[in-house]
Colleague: 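My questions will all concern the structure given below.
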2 protein chains.
Amino acid sequence: MTLKMRHNRSPKPPEPCMLTECMAVIAGAWAPNVIWSLRAGPRRFSELRTDIPPISAKVLSARLSELEERGVLVRHVRRTSPPSTEYELTPLGRELIPALDAIVQVGHRLKTVRSA
Amino acid sequence: MTLKMRHNRSPKPPEPCMLTECMAVIAGAWAPNVIWSLRAGPRRFSELRTDIPPISAKVLSARLSELEERGVLVRHVRRTSPPSTEYELTPLGRELIPALDAIVQVGHRLKTVRSA
DNA sequence: CCGTATCCGTTCAGATACTG
DNA sequence: CAGTATCTGAACGGATACGG
């Protein structure tokens, strides 16, 4: 954990409004990583924890609840023993992937340019 | 100001690393809006303030310094009277625009889906 | 006009411990 | 395995006042 982020409250302009609309879903330390991990298909709670090593159970739980509430992912609980839960992107959630891809592309550029 | 964002510290996975690399630049309440406002060309401090109404001078100043330090934009000071300062995206900063465009696209989808 | 300095509230994230 | 509870610290953002 080295890079910094910031809080957010929505501004109001016409286009920037749409910017903020999506940023609110994407933003934060872990939300984008969670969505990224679910890109290839459903994942369980503990799988997400190993996918995104330094995330704490509390924060992962909070992020998952938030993303579920926003309609980005759904929770499937299997009442087995031991219990198991799967998280999966909704069609709406999958629409975020192109944006994340674009962000990853720029991430590569930022890295290479900085080391140049 | 209604939508929420979160803090950030970088994780470590291979791809998600690139995700976070760019998110650190893009994240926060105002950074994306500042970049968006500079998309069409150089802007002065007060112009940015009116472009992004509810931003305070302190925060705008902080964001501009940060983005300058990251090599996303440059400051041109004109020692006139009254003084004037222009901010302009660097080539590196302009590389962020496709990502912001993608984010705006999803923003539209999020809005329409939610009202459906 | 272009900022900086200060104070202060809110929110998020980390660590630890504990439950079904 | 899948979480929740609590406490703590840090970072961001808002408002106001002031300086070059």
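Order of the sequence lines sets the chain letters (A, B, ...), proteins ahead of strands, with each chain counted from 1. On a predicted model such as this, the values are computed, not experimentally measured, just so you know.
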Colleague: Assign A:Arg79 to base, sugar-phosphate, or nothing according to its heavy-atom contacts below 4.0 angstrom with the strands shown.
Modeller: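 No contact.
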Colleague: Looking at every strand, decide which applies to A:Arg75 at a 4.0 Å heavy-atom threshold: base, sugar-phosphate, or nothing.
Modeller: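 Result for A:Arg75 = sugar-phosphate.
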Colleague: What closest approach, in Å, do B:Lys111 and A:Cys17 show between heavy atoms, and which atom pair accounts for it?
Modeller: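 Heavy-atom minimum between the residues: CE-SG, 4.5 Å.
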Colleague: Rounded to whole Å, please give me the gap between CZ in A:Arg49 and P in D:dC1.
Modeller: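 Distance check: A:Arg49 CZ to D:dC1 P gives 10 Å.
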Colleague: Check A:Arg78, A:Arg44, A:Arg43 against A:Glu86 for a salt bridge (charged side-chain N to carboxylate O under 4.0 Å, His left out) and give me the one that passes.
Modeller: A:Arg78
Colleague: Are OP1 or OP2 of C:dC2 and a side-chain N or O of B:Ser61 less than 4.0 angstrom apart?
Modeller: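 No.
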Colleague: Would you kindly give the CD-to-P distance between A:Glu47 and D:dG3, to the nearest whole Å?
Modeller: 12 Å
Colleague: How many Å lie between CD on A:Glu68 and C1' on D:dG3, as a whole number?
Modeller: 13 Å
Colleague: Check the phosphate of C:dC1 against B:Thr80, side-chain N and O only, distance under 4.0 Å to OP1 or OP2. Yes or no?
Modeller: no
Colleague: Look at B:Arg44 and C:dC2 and indicate whether a side-chain polar atom (N or O) is within less than 4.0 Å of OP1 or OP2.
Modeller: yes
Colleague: Roughly, in whole Å, what's the span from CG in B:Leu60 to P in C:dC2?
Modeller: 10 Å
Colleague: On DNA chain C, compare the nucleotides closest to A:Pro83 and B:Glu86; which residue's is nearer the 5' end?
Modeller: B:Glu86
Colleague: Can you see if the side chain of B:Tyr87 gets near the phosphate of C:dC2 - specifically, an N or O under 4.0 Å from OP1 or OP2?
Modeller: no
Colleague: Kindly point out which of C:dT4, C:dC2, D:dG13 is positioned nearest to the side chain of B:Ala57?
Modeller: C:dT4
Colleague: Would you indicate, yes or no, if C:dA15 has its OP1 or OP2 atom less than 4.0 angstrom from a side-chain nitrogen or oxygen of A:Ser56?
Modeller: no
Colleague: Given atom CZ of B:Arg78 and atom P of C:dG3, what is their separation to the nearest angstrom?
Modeller: 13 Å
Colleague: Please walk me through it: do B:Val104 and B:His108 pass side-chain contact (heavy atoms from CB on, under 4.5 Å)?
Modeller: CA-CA 6 Å; B:Val104 168; B:His108 280 107; 3.7 Å; yes
Colleague: Quick one: is D:dG13 close enough that its OP1 or OP2 comes under 4.0 Å of any side-chain N or O from B:Arg63?
Modeller: yes
Colleague: Side chains of A:Ile35 and A:Ile26: does their closest heavy-atom pair fall under 4.5 Å?
Modeller: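 In contact.
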Colleague: What's the CE-P distance between A:Met23 and D:dC12, to the nearest Å?
Modeller: 14 Å
Colleague: If you check every side-chain atom of B:Trp30, which of D:dG3, C:dA13, D:dG14 has the closest atom?
Modeller: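 Output: D:dG14.
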Colleague: Under 3.5 Å, is there an N or O donor on one side and an acceptor on the other linking the side chain of A:Lys58 and the base of C:dG14?
Modeller: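 Checked by distance alone, the answer is yes.
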Colleague: Return the value, rounded to whole Å, for the distance between atom CD1 of B:Ile55 and atom P of C:dC2.
Modeller: 14 Å
Colleague: Rounded off to whole Å, could you give me the CG-to-P distance for the B:Leu64 and D:dG13 pair?
Modeller: 12 Å
Colleague: Using side-chain contact (heavy atoms from CB on, under 4.5 Å), reason through B:Leu67 and B:Tyr87 one step at a time and then give a plain yes or no.
Modeller: CA-CA 10 Å; B:Leu67 293 172; B:Tyr87 295 88; over 6 Å; no
